[in-house]
Each structure stands twice: as structure tokens, then as C-alpha cells.
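All of these numbers come straight from a predicted model, not from anything done at the bench. Atom set for the values below is all heavy atoms of this structure, side chains included, hydrogens, waters and symmetry mates excluded.
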Amino acid sequence: MLLIPQITFNGDLSLDAYSFSSEEINAVTFVLEKAKIDIIINKRLTKDREGRFGLRFLIFNIEIRKLERTLNLKFEGRERNTKVIFGETYWNADGQGDSGMSFRCSRIDTPPHSCETIFADDEKAAAVKCALVANSNNWLGGVPTRGQC
């Protein structure tokens, strides 16, 4: 899955999810619900150049911090210059540090298969975080599996 974040000029967060798997895209919904984000607007997107289905999630400004805490990251910038800053230590959703499971986030396109170790509470959070890592690294997409690089 690939997840492209953009903070709009009015401060809302747009997350464009692309995947062949509806299960991966549903992971985004699950994580948003886990973060207790009440206001989510979904919009179908046209397929990307790889033929993956797309869905846009719009998260209102006042809700962004909840997602950042859940995934231990921060969204910075505006529009196409939006970046994701990943936390160095893992803090899970209940505020406890250095917990969660380690996942190997692997690049899905051409060899060499690059990877990064990420930390998340569960597989769905790992799928979302890995998709954000993929976008940050200009990968076609990322797939998480338990373990480390």
C-alpha cells in the first residue's frame, strides 16, 4: 500500500491510500477509528498509474494530533511539501514508551528490496505506518511483516 499525506491550506490532513487490497485500505479506517477520530470524509480516487484503487481520507485539523499520537509521528508542511517525521522512540496510543511490536517495512518494487524497521501496536497500524514510510522514501509501496531489517 502507498499512503500519500497532504496538509491542505486550511490545515486539514488528506490521506490518499492506494492498494490492490481492500484489506490494506480498510486498515486505514481501522487506525483512524482506533485513534478515536470521529470526523472522516472518504472519497474514491481514480486508479493510480500502477492500476491500484484509491481512497481519500480527509481528517479535520482538530483531529490530526490524535492520529499522530497513535502512530508516533508528526505531519509537517503544506500540500505537496507535506512530510512525515517519524518518532525515534515508540510511544503507543496509551502513552507508554518503548512498546509495540517491531515490523520490517519492505519496499515492494524492483530489487534491491530496501526495508526499514518500524514499530506499531498491531498489524493494521504497521500497514498504515509502512505505507507512509513508502511514500517518504519514494517507493512504489510498502508491506509490513513482523521482525526487523
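Clustering of Ile, Leu, Val, Met, Phe, Trp and Tyr side chains at separations under 4.5 Å leaves F53 isolated, with no partner residue.
Panel note: side chain K129, backbone F119; a donor-acceptor pair is recorded below 3.5 Å. Formation of a donor-acceptor pair under 3.5 Å by the E24 side chain with backbone atoms of A127 is not found in this model. Within the 3.5 Å criterion, the main-chain N or O of C115 finds no donor-acceptor partner in the side chain of S106.
Pairs passing the disulfide bond (SG atoms under 2.5 Å apart) check and including a residue from residues 51-86, sequence neighbours excluded, do not occur. The disulfide bond (SG atoms under 2.5 Å apart) contacts involving residues 55-86 comprise nothing, where partners must be two or more places apart or lie in separate chains.
Considering only heavy atoms from C-beta on, D122 comes within 4.5 Å of K34 through its side chain. With a 4.5 Å cut-off on side-chain heavy atoms, I59 and K66 do not count as touching. Side-chain contact between L45 and L55: absent, with no pair of heavy atoms (C-beta onward) separated by less than 4.5 Å.
Contacts of T29 classified as side chain to side chain donor-acceptor pair (under 3.5 Å), with partners at least two apart in sequence or in another chain: none. When the salt bridge (Lys or Arg N to Asp or Glu O under 4.0 Å) test is applied to K124, no partner is found at least two apart in sequence or on another chain. Residues satisfying the side chain to side chain contact (heavy atoms under 4.5 Å, CB included) criterion with A134, sequence neighbours excluded, are L2, W139. N10 is linked by a side chain to side chain contact (heavy atoms under 4.5 Å, CB included) to T8, D12, counting only residues two or more places apart in sequence or in another chain. L140 pairs by the side chain to side chain contact (heavy atoms under 4.5 Å, CB included) definition with E50, R52, I108, D109, not counting sequence neighbours. Judged as a side chain to side chain contact (heavy atoms under 4.5 Å, CB included), and not counting sequence neighbours, the contacts of K74 are E68, E76, I85. Among residues two or more places apart in sequence or in another chain, the side chain to side chain donor-acceptor pair (under 3.5 Å) test is passed with R56 by S14, D16. Residues satisfying the side chain to side chain donor-acceptor pair (under 3.5 Å) criterion with N137, sequence neighbours excluded, are E116.
Cys pair C105/C130: SG-SG separation is below 2.5 Å.
For the residue pair L13 and P5, the shortest heavy atom distance occurs at CD1-CB, 4.1 Å. Taking both residues in full, the closest heavy atoms of T117 and S102 are given as CG2-CB, 4.2 Å, listed atom of the first, atom of the second, then distance. Considering every non-hydrogen atom in both I25 and F57, the closest pair reads O-CZ, 4.0 Å.
For the atom pair T82 OG1 and I7 CD1, the distance stands at 5.0 Å (nearest 0.5 Å). Taking CZ of R78 as the start and CZ of F9 as the end, the distance is 8.0 Å to the nearest 0.5 Å. Here the CG-CG distance, from L71 to L132, works out to 7.0 Å after rounding to the nearest 0.5 Å. A distance of 11.5 Å separates CE in M1 from CG in N135, rounded to the nearest 0.5 Å.
The hydrophobic clustering, which links ILVMFWY residues whose side-chain heavy atoms are closer than 4.5 Å, places L58 and Y18 apart. A continuous path of hydrophobic side-chain contacts links L67 to V84 [ILVMFWY only; heavy atoms under 4.5 Å]. No continuous path of ILVMFWY side-chain contacts below 4.5 Å connects I64 to I4, so the two sit in separate hydrophobic clusters.
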Would you give me the side-chain donor-acceptor pairs under 3.5 Å for residues 141-149, sequence neighbours excluded?
| residue | atom | partner | partner atom | Å |
| --- | --- | --- | --- | --- |
| R146 | NE | E123 | OE2 | 3.1 |
| R146 | NH2 | E123 | OE2 | 2.6 |

Under the side chain to side chain contact (heavy atoms under 4.5 Å, CB included) rule, what do N72 and F86 come out as? Steps first, then yes or no, please. CA-CA 7 Å; N72 187 33; F86 297 93; over 6 Å; no
